[in-house]
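Read the structure below first, then the notes.
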Amino acid sequence: MKLPFPTHLPARLLAAGFITGSLLASLPAAAGDAKAGQDVFKSECAECHAVAEGRNKKGPSLFGIVGRKSGSVAGYEYSDALKNIGWTWTPEQLHTYLSQPAKKANPGTKMKYDGLDNAKDLDDLLSYLATLH
Amino acid sequence: MPPFSFRRHAGWWAAVALLLSLVSLDAQAIPAYARQTGSACADCHAGAYGPGLTPYGMRFKLNGYTDTDGQGTKIPVAVQLTETHTAPATAPSSTSLTEGDLYLAGRLTENVGGYIKVEADHTGHNTYNTRLGNLDLRFVAKELKLGGKDLTLGVSVNNAPGFQDPIAALPNASFIAPGGVTGTLLNLGSPNSPTNRVIGATVYALYDKVWYAEAGTYRSLAAGTQDELGYNRNGDPGKLSDTGYFRFAYMKDMRRQFFSAGLVGLTTKRRLPHAAARDDIDDLGYDLTYQYLGNREHIIQASYVNIYERRDYGQRLPSPVLPGTLEPKRGSARDQTASLSYTFRQSYGVQLSHLKSTGSSSDARYPPFGNPDATSNLYTIFWTPFGRDDSWITKGNLKLAATWFRFTRFNGRGSNVFGAPPGVKGVDPGDFNAFSISASLAF
């Protein structure tokens with residue numbers, strides 16, 4: 001059987017590659033297509049969220065969402081549920097939050113969203129959100 | 001051969017002008033809602049201008065116009081101005097500020113919101129008639145649960161059966177309806193239509209986000225009250241009693257697509273005029289709609305509405321054809337509308353509509369041929385440069401539209417629709433055609 005990597009690579013390099021691969025696998029945002037994610041955003045999110053900085057709609061602006069503390073956009077009136085939960089919107093947290101009904105992920109939230117059950121769409125969306133800064 | 005006389009058929013021209021104003025120019029835009037929600041016009045309307053609704057716009061309406069961005073109280077006022085150049089096929093062209101609208105629209109509380117339109121319509125010779133347009137005041141209870149499923153309950157007080165419908169395909173909500181010498185009660189283009197001349201209340205429910213049900217009743221306004229509200233007494237719908245309205249629909253929002261199928265009914269007993277014998281009238285219709293929304297780059301919207309009306313006349317009219325006999329006690333009418341639109345980048349659009357009105361024959365009611373059938377088409381292209389998230393102005397818009405309205409059948413005939421005698425040039429359906437260019441500004 002032909003191995004998928006050259007056998008003469010040093011063991012340390014192989015280990016580094018394995019670790020990097022594992023990390024990438026745990027970051028869903030990196031796996032998606034941001035261009036396709038923009039289309040997902042337009043059909044799933046854009047009615048309630050703008051991407052422009054400081055522009056809040058029914059939901060807060062998603063400018064700089066990745067890495068942001070939950071409930072932290074100035075001028076937006078959050079639910080107590082989201083204000084007090086103390087999340088940071090890492091790609092993993094966003095993946096968890098958006099893959100299920102919002103009211104299940106964060107009971108008491110104002111957000112009305114049933115969740116995105118298409119894994120590729122979700123990965124693409126997270127990749128697009130990561131570009132909003 | 002004597003020429004076609006505009007003066008002789010001025011009444012028909014007035015009716016056609018009214019129809020044109022109903023179907024082609026009645027753009028509805030309420031930037032007050034955009035200011036209230038923080039949304040762009042394009043979130044609720046495919047072409048960033050009403051009256052057609054996206055599924056998001058339907059939810060806003062179902063929630064009683066109360067959704068908000070939580071950024072404090074906004075002034076619930078919007079204005080719309082419409083300038084129109086109309087070029088009828090066989091009548092003088094005209095250019096005027098055809099309509100000025102004032103909307104009081106928005107939320108009062110978390111559970112109470114509404115829509116009130118006061119319009120000033122150009123009536124010629126630099127005069128305007130001010131009247132109360134559509135009215136829809138709501139109380140809504142949101143985010144309820146029944147059997148573990150979402151439930152929304154609401155009450156609507158409104159003045160046009162069907163205007164309050166969330167899917168907005170019924171004639172009183174789409175403002176697209178066939179015209180002719182007769183029509184159903186649910187058609188705003190019918191002679192003596194109840195539209196805006198009644199007041200009623202309905203109770204509605206949306207269950208599990210897909211099942212919509214509504215029931216209610218209406219009563220006609222007194223002729224004097226209609227007059228005070230800006231409506232000519234000639235269009236009085238008569239005295240309506242025992243009036244019931246129902247609506248049942250399945251509506252499925254799949255984000256990139258939307259589909260709905262619905263039934264609608266209106267039953268009433270009508271005296272027209274008020275001292276006349278009572279007619280029993282029952283409307284029963286169905287409607288189908290589909291929207292392809294995708295990523296909002298290319299949007300296709302299609303709808304079909306078919307409303308059948310059964311009439312049991314209180315008085316049998318003498319037959320003008322067979323002296324000494326009476327016409328049948330029963331009659332019917334049917335209105336059908338098929339509409340297809342395409343919108344590019346929520347700014348450029350084209351809409352094609354086929355409108356058909358038919359009815360049972362009656363020599364006494366529909367002279368000269370006893371046939372009320374009429375068929376017409378409406379073609380519109382438009383451009384709305386603003387009202388999107390990425391446009392310069394997000395909460396207001398301008399709509400430039402070119403509309404061609406054409407009749408292909410009237411009084412059941414494809415030519416000589418008024419039965420001109422030999423040697424006299426008759427009126428053809430095409431003589432009612434009209435082309436118009438309009439600019440509507442909403443802010």
Side-chain angles (χ1 to χ4, degrees), chain A residues 33-63 71-83 98-99 101-104 106-118 120-122 124-125 128 132, chain B residues 33-46 53-60 62-63 66-73 107 110 142-143 145 148-150 152 206 208-210 252-258 291-299 345-346 388-392 394-395:
Chain A
D33 173 352
K35 182 79 182 73
Q38 185 176 21
D39 287 347
V40 177
F41 177 85
K42 286 179 179 174
S43 60
E44 298 283 332
C45 320
E47 290 160 341
C48 295
H49 295 279
V51 296
E53 186 173 16
R55 171 135 191 257
N56 298 325
K57 299 171 84 170
K58 275 176 69 179
S61 167
L62 295 186
F63 181 84
S72 64
V73 170
Y76 184 78
E77 190 181 330
Y78 289 93
S79 63
D80 290 341
L82 194 62
K83 219 163 25 184
L98 296 174
S99 60
K103 290 190 185 302
K104 183 178 171 193
N106 179 218
T109 183
K110 287 159 71 174
M111 183 159 149
K112 297 170 187 170
Y113 187 57
D114 290 338
L116 191 54
D117 52 13
N118 182 307
K120 182 183 181 311
D121 283 356
L122 185 49
D124 292 344
L125 175 62
Y128 173 66
L132 302 176
Chain B
Y33 289 149
R35 289 187 279 272
Q36 173 181 306
T37 59
S39 297
C41 305
D43 290 330
C44 288
H45 308 291
L53 295 174
T54 62
Y56 180 79
M58 295 176 198
R59 287 196 293 276
F60 177 72
L62 279 164
N63 281 338
T66 63
D67 292 345
T68 171
D69 62 0
Q71 308 292 301
T73 303
R107 68 183 251 140
E110 178 62 23
K142 297 177 276 190
E143 300 190 40
K145 290 284 181 185
K149 307 284 189 184
D150 290 340
T152 301
L206 180 69
D208 197 17
K209 299 176 183 170
V210 294
K252 180 71 174 174
D253 177 12
M254 297 165 279
R255 296 285 180 181
R256 291 177 174 84
Q257 299 180 79
F258 173 86
Q291 297 188 31
Y292 172 77
L293 298 153
N295 64 2
R296 278 54 174 174
E297 185 90 350
H298 306 278
I299 297 178
R345 292 185 177 169
Q346 300 202 267
R388 301 183 315 280
D389 265 340
D390 59 355
S391 58
W392 177 48
T394 59
K395 296 175 177 60

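Bear in mind that the values here come from a model prediction, so they are computed numbers and not experimental data. Residue numbers begin at 1 in each chain, while the letters A, B, ... track the order of the sequences.
Both the backbone and the side chain of Val40(A) come within less than 4.5 Å of a heavy atom of chain B. For Ser39(B), the parts sitting under 4.5 Å from any heavy atom of chain A are the backbone and the side chain alike. Contact annotation for Lys110(A): neither backbone nor side-chain heavy atoms come within less than 4.5 Å of a heavy atom of chain B. With a 4.5 Å cut-off on non-hydrogen atoms, Asp389(B) touches chain A through its backbone and its side chain both. Neither the backbone nor the side chain of Arg388(B) comes within contact range of chain A; no heavy atoms are under 4.5 Å apart. Heavy-atom distances place both the backbone and the side chain of Tyr76(A) under 4.5 Å from chain B.
Other residues, nucleotides and ligands contribute only 12 or fewer heavy atoms inside 6.0 Å of the NZ atom of Lys104(A).
Heavy-atom pairs under 4.5 Å with chain B were tallied for Lys42(A), Lys103(A), Gln38(A); the largest tally goes to Lys42(A). Of all the listed residues (Lys112(A), Lys58(A), Glu77(A)), the one sharing the greatest number of non-hydrogen pairs under 4.5 Å with chain B is Lys58(A). Looking only at heavy-atom pairs under 4.5 Å with chain A, the residue among Glu143(B), Gln36(B), Glu297(B), Arg296(B) that has the most is Arg296(B).
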Discussion item. Test salt bridge (charged side-chain N to carboxylate O under 4.0 Å, His left out) on Lys209(B) and Asp114(A); report intermediate values, then the result.
Written reply: CA-CA 11 Å; Lys209(B) 299 176 183 170; Asp114(A) 290 338; 2.6 Å; yes
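The one candidate from Asp67(B), Thr394(B), Asp43(B), Asp69(B) that meets the side chain to side chain contact (heavy atoms under 4.5 Å, CB included) condition with Lys57(A) is Asp43(B).
Proximity of a side-chain donor or acceptor of Glu44(A) to a complementary backbone N or O of Arg255(B) within less than 3.5 Å is not detected.
Put simply, OG on Ser43(A) and CE on Met254(B) are 12.5 Å apart, with the number rounded to the nearest 0.5 Å.
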